[in-house]
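Down below is the structure, laid out as structure tokens.
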Amino acid sequence: MINQERIKNLLLELVQIDSVSREERDVAERIKKICEELGAEVEFDDAGSKVGGNTGNVIARFPGTLPQAEAIMMSAHMDTVVPGRGVRPIVEGDRIRTDGSTVLGGDDKSGCAVVIETIRCLQEQSIPHAPIDAVFSICEEVGLLGAKYLDMSKVRARYGLVFDSDDPGFLFTKGPSANHFEFKIYGLESHAGVAPEQGISAIKIAAEAIAAMKLGRIDDETTANIGVIRGGEATNIITNFVTLLGEARSLDEDKLNAQTEHMIKCLEDAAARYEVTVDGVTTRGRVEPNVSREYYAMDVPEDSRVVRLVKQAGARMGLKVETMASGGGCDANIFNKRGIECANLGTGMRAIHTVKEWLDVKDMYASAEMTLEIMRLNGETATNKG
Ligand SMILES: [Zn+2]
């Protein structure tokens, strides 16, 4: 059994240490100290300097009690979204929420707490276990940057778990690929009252293009969004420049490409409808699409070591763990791409990325119980093999 009071108190402590993305230093130092007290060799990598943050990822290597066994990773991210400074958690029965002025940061301090509580229990209860690499990442919320720049030479494990989703009954094994878009739309500036026929409105091009786009849920595997629109100076100027920021995601690479091309075509078609000639010089509406790959899809097979481990551990506890596809990306997308086969297990976080965020502590306890069983089973399997 895990120690419910202890994991709850750890969570409450961690959420009160500010750690918005790129400012995770204080929570990183706290986690480092805890892990060192538990006997880990702890290092910060240099990811922080690469992303403009004040700390790197924390990598805590625990020796385990089965030195011949292969190391397993447990990972959670330390950063939170904004507004995330000065969190005042309020405990109401089994729910922890905030005063409504900040997020809670249960995303992903609950994951950090699950990792640490599991290790404490393994040691306290003398449960034979494999070496553990606990990876506490930075900057997950701003493009999975900590995972992207994780110093892999400091990590022994090549399989494991990320703890960064809601329901502990679900194991996310599939996640989408995502493209990030910056669309620059160029028109032609002119006085809106004196010479409107000599201008091309970038706002109109943007409006027509967006109106023609399929956005939102495209199909059961694909989504798309325009999230930011910027442009314009004054009502009496025909605006010559607009920037749109957007994204598309899909579990299927071909569908992602098709959606990306569709969005660009809508912009190009709208721009092509506008052309003016002033003093013999012809100007056309123009679009400059910048597409960047945010992350790649993950697809962990049902018969992979980690999925089998989680399902067997669940079965031993009388719980059915379902594998699921997520619409979001997380560090696991990056870790899988970088050679650590891992899936994402829930921790009880709810209504994340809003000031209404709350945590179901019963779910967090269940997640830690499950993780303890996973590590116990992993140790047994390793022993049997040895
Ligand atoms: Zn998260």
Side-chain angles (χ1 to χ4, degrees), residues 7 10-11 14-24 27-28 31 47 51 53 55 57-58 73-85 87 89 96-98 102-116 134-150 160-176 178 180 247 249 294-298 300 324-337 340 342-361 363-364 367-368 371:
I7 186 174
L10 176 61
L11 174 91
L14 293 178
V15 298
Q16 291 178 79
I17 304 173
D18 290 355
S19 64
V20 297
S21 303
R22 296 194 170 83
E23 297 174 21
E24 303 93 340
V27 81
I31 287 173
V51 305
T55 180
N57 299 300
V58 178
M73 181 187 74
M74 292 200 277
S75 180
H77 66 87
M78 298 184 289
D79 64 314
T80 67
V81 295
V82 288
R85 293 185 181 86
V87 174
I96 302 175
R97 60 176 177 88
T98 72
T102 65
V103 297
L104 176 63
D107 175 11
D108 187 22
K109 305 272 173 72
S110 59
C112 298
V114 166
V115 172
I116 291 167
V135 175
F136 301 94
S137 64
I138 58 169
C139 293
E140 192 271 351
E141 301 288 5
V142 289
L144 317 177
L145 296 179
K148 283 177 183 166
Y149 290 102
L150 176 68
L161 286 167
V162 167
F163 300 88
D164 190 15
S165 51
D166 51 12
D167 191 322
F170 295 128
L171 182 69
F172 288 99
T173 53
K174 292 185 201 310
H180 174 84
E247 59 158 55
R249 307 177 186 205
E294 188 114 3
Y295 46 81
Y296 287 88
M298 69 175 213
V300 183
M324 294 267 288
S326 165
C330 71
D331 282 347
N333 287 60
I334 305 298
F335 291 147
N336 277 292
K337 191 79 188 163
I340 305 176
C342 60
N344 179 359
L345 189 66
T347 65
M349 61 175 85
R350 294 289 189 296
I352 60 166
H353 298 197
T354 76
V355 296
K356 294 192 171 124
E357 184 187 350
W358 59 285
L359 183 93
D360 183 331
V361 289
D363 274 353
M364 182 173 70
S367 178
T371 307

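Every number for a ligand or one of its atoms is a count from 1 in the order of the listing.
- Remark: L150 CG to N57 CG distance equals 5.0 Å, nearest 0.5 Å.
- To the nearest 10 degrees, the angle centred on the Zn ion (ligand 1) between NE2 in H77 and OD2 in D164 reads 80°.
- For the Zn ion (ligand 1), the nearest N, O or S atom contributed by D107 is named OD1.
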V103 and I352: CA distance, side-chain angles, deciding distance, side-chain contact (heavy atoms from CB on, under 4.5 Å) verdict: CA-CA 7 Å; V103 297; I352 60 166; over 6 Å; no
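- Under the side chain to side chain contact (heavy atoms under 4.5 Å, CB included) criterion, V300 pairs with T173, S304, V306, V307, N336, E341, not counting sequence neighbours.
- Residues that satisfy the side chain to side chain contact (heavy atoms under 4.5 Å, CB included) test with M74, not counting sequence neighbours, are V115, T118, I119, I132, F163, T371, M375.
- Put simply, E141 stays out of reach of the Zn ion (ligand 1), with no N, O or S atom under 2.8 Å from it.
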